[in-house]
There are 2 protein chains.
Amino acid sequence: MKQVSEKVVSRLIIYRKYLKELLADGQKSIFSHKISAYTGASAAQVRRDLMNVGYNGTPVKGYNIKDLMTSISEFLEKENTIEVAIVGFGNLGKSIVDYCNGRNSRLSISAAFDTDPNKINRVIHGCHCYANTEMETIIKENKVEVAILAVPREDAQKVADKLVACGIKGILNYSPTRLQVPANIYVENRDMLMALEKVAYFANNVHGGKNK
Amino acid sequence: MKQVSEKVVSRLIIYRKYLKELLADGQKSIFSHKISAYTGASAAQVRRDLMNVGYNGTPVKGYNIKDLMTSISEFLEKENTIEVAIVGFGNLGKSIVDYCNGRNSRLSISAAFDTDPNKINRVIHGCHCYANTEMETIIKENKVEVAILAVPREDAQKVADKLVACGIKGILNYSPTRLQVPANIYVENRDMLMALEKVAYFANNVHGGKNK
DNA sequence: TCATGTGAAGACATTCACAGCA
DNA sequence: TGCTGTGAATGTCTTCACATGA
């Protein structure tokens, strides 16, 4: 499959979400400049990005929403469901599962891990919570490929090492630590304080309404 | 002040965090290639980014950690404390406040807003929760410049409109909606499902250990 | 006519490579 | 000696602009 940059993938995800809303709204087709207005990417950018997924629109009707959505989804997630686990089932962990589960039919957060005995073996938001000690068994049995890290800073690196050892290939890291992992593991960092610092900077140094 | 891109700002924030750890660790000085190894940016990139903040190192010692940290902070946050408010004080909102408050002396999340009577007028994690109806008063009185949005999708746009009307200049948006705001308002979107979708893609389409 | 798909140009970001310095 | 600071080169991303097609 064609090699695509992070930026393109991020935008495709945004487009898909918009298309989903349009579809729910009963619309049939859409033009690139409409997608542009909503997502902040330029119309030319939208068309270029869509070249990657190999779906063609027509000048008169633009893009068929349903077909385009299907094409983007096939491009992004292939055929099978991707299994996700979350480590750290506190306030943050729970809100992540609560929001994400059920919203993408090809992604399923089916296991949580925590050390708190009050959470272990309970099912919260459709997600079974296991003890951290069961991590290796559960991850391998369920072929979990992606993990979300929502543990305190001091535990993050240790847990990440363990996840990598279990064969995980991608980590969405909400812990405030930069993880040191092998180069073939994909890490997306979502430190909340850093995000806030960035917004604070641009709130005070206006930047001219850009997309990102 | 010099105009700087989002990427540079994001990296400066990462460097600063690393410097903070080094300082806590008792270190005095650091070389660009060390910062590089930790943060994932190349050494040349680190040096280029630091040109923006106007701090100079020396060939033999590298950068003085404390002075460099100060310079970066002055560059990022100017002199005064920036006031932040959070709207939506559920699981997610609480965990954001819990993690962020007290970790950057120039950023303070001092007000929360919610509609739940059980939360209103309580102080949680050092943050006073007000009714949504008090938003305008509180924001103007406290000169709040930045808001964090952690409300359900259906309320997000309405709340954002209100925040903009109150004079907010930047929004950190955890709600799963793309906000439509005037061009001079800076928005950073942190949709959690989209983040997960991105990780899932690159977990299956290896990308060669890149920074971002 | 009006939007798509896309070569080519342009803008932006990163890396190279080396002079200069302590 | 070995690092910084930085022009110049390279590489990547975005926009332009237009031929094409319904």
Side-chain angles (χ1 to χ4, degrees), chain A residues 2-15 18-19 22 27-65 67-69 71-72 75 198 202 207-212, chain B residues 2-15 19 22 27-65 67-69 71-72 75 198 202 205 207-212:
Chain A
K2 191 179 284 179
Q3 186 70 327
V4 186
S5 74
E6 290 197 23
K7 296 193 163 195
V8 174
V9 171
S10 298
R11 285 191 302 258
L12 287 174
I13 290 170
I14 296 172
Y15 305 155
Y18 180 46
L19 294 172
L22 292 174
Q27 307 219 41
K28 296 285 179 235
S29 58
I30 185 88
F31 297 123
S32 63
H33 67 263
K34 277 284 174 195
I35 301 181
S36 163
Y38 178 83
T39 62
S42 72
Q45 179 99 78
V46 171
R47 296 200 299 276
R48 239 188 223 282
D49 289 339
L50 294 184
M51 285 174 69
N52 289 295
V53 318
Y55 175 78
N56 277 30
T58 71
V60 172
K61 292 255 181 183
Y63 304 94
N64 177 293
I65 292 174
D67 293 348
L68 179 53
M69 246 185 83
S71 295
I72 294 179
F75 179 84
K198 186 177 171 191
F202 285 110
H207 189 250
K210 279 280 133 270
N211 65 300
K212 67 212 65 95
Chain B
K2 191 179 285 175
Q3 185 72 326
V4 185
S5 73
E6 290 197 24
K7 295 194 163 195
V8 173
V9 170
S10 298
R11 284 192 302 259
L12 287 174
I13 290 169
I14 296 171
Y15 304 156
L19 294 172
L22 291 173
Q27 305 219 41
K28 295 284 180 232
S29 60
I30 185 89
F31 296 122
S32 63
H33 66 264
K34 277 285 175 191
I35 300 180
S36 162
Y38 178 83
T39 63
S42 72
Q45 179 102 79
V46 171
R47 296 200 298 274
R48 239 191 221 283
D49 290 338
L50 294 184
M51 286 173 68
N52 290 296
V53 317
Y55 175 77
N56 277 30
T58 70
V60 173
K61 292 257 183 181
Y63 304 93
N64 177 293
I65 291 173
D67 294 349
L68 179 53
M69 247 186 82
S71 295
I72 294 178
F75 178 84
K198 187 176 170 192
F202 285 110
N205 298 269
H207 189 250
K210 279 279 132 270
N211 64 300
K212 69 209 64 96

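Just so it is clear: chains get the letters A, B, ... in the order the sequence lines come, proteins before strands, and each one is counted from 1. Heavy atoms only: backbone and side chains are in, while hydrogens, waters and symmetry mates are out.
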* Asked: Could a donor-acceptor pair under 3.5 angstrom be found where the side chain of B:R48 meets the base of C:dT15?
  -> yes
* Please determine if a side-chain N or O atom of A:S42 lies less than 4.0 Å away from the OP1 or OP2 oxygen of D:dT15. => yes
* To do: Would you indicate, yes or no, if C:dT4 has its OP1 or OP2 atom less than 4.0 angstrom from a side-chain nitrogen or oxygen of A:T58?
  => no
* To do: Would you confirm whether A:S36, through its side chain, and A:A41, through its main-chain N or O, come within 3.5 Å as a donor-acceptor pair?
  => yes
* To do: Verify the contact: side-chain N or O of B:S5 to OP1 or OP2 of C:dA13, cut-off strictly under 4.0 Å; return yes or no.
  => yes
* Asked: For the pair made of CG in A:N52 and C1' in D:dT14, what is the distance, rounded to whole Å?
  -> 13 Å
* Would B:L50 and B:I72 count as a side chain to side chain contact (heavy atoms under 4.5 Å, CB included) if you check the C-alpha gap in whole Å, the side-chain angles of each, and the deciding distance to 0.1 Å? -> CA-CA 8 Å; B:L50 294 184; B:I72 294 178; 4.2 Å; yes
* Any sub-3.5 Å donor-acceptor pair from B:D49's side-chain atoms to B:V46's backbone N or O? -> no
* **Closest listed nucleotide, where the reference is the side chain of B:A44 and the choices are D:dG2, D:dG5, C:dC16** => C:dC16
* To do: May I have the distance from A:Q45 (atom CD) to C:dG10 (atom P), rounded to whole angstrom?
  => 19 Å
* To do: Would you classify B:K7 as touching base, sugar-phosphate or nothing, given that sugar-phosphate means primed atoms plus P, OP1 and OP2, and contacts are heavy atoms under 4.0 Å?
  => sugar-phosphate
* **Integer-rounded Å distance: D:dG7 P and B:M51 CE** => 7 Å
* To do: Send over the distance from A:D49 CG to D:dT15 P, rounded to a whole Å.
  => 10 Å
* **Atom pair distance, as rounded to whole Å: NE2 in B:H33 and P in D:dC3** => 5 Å
* Asked: Under 4.0 Å between a side-chain N/O of A:R11 and OP1 or OP2 of D:dT14, yes or no?
  -> yes
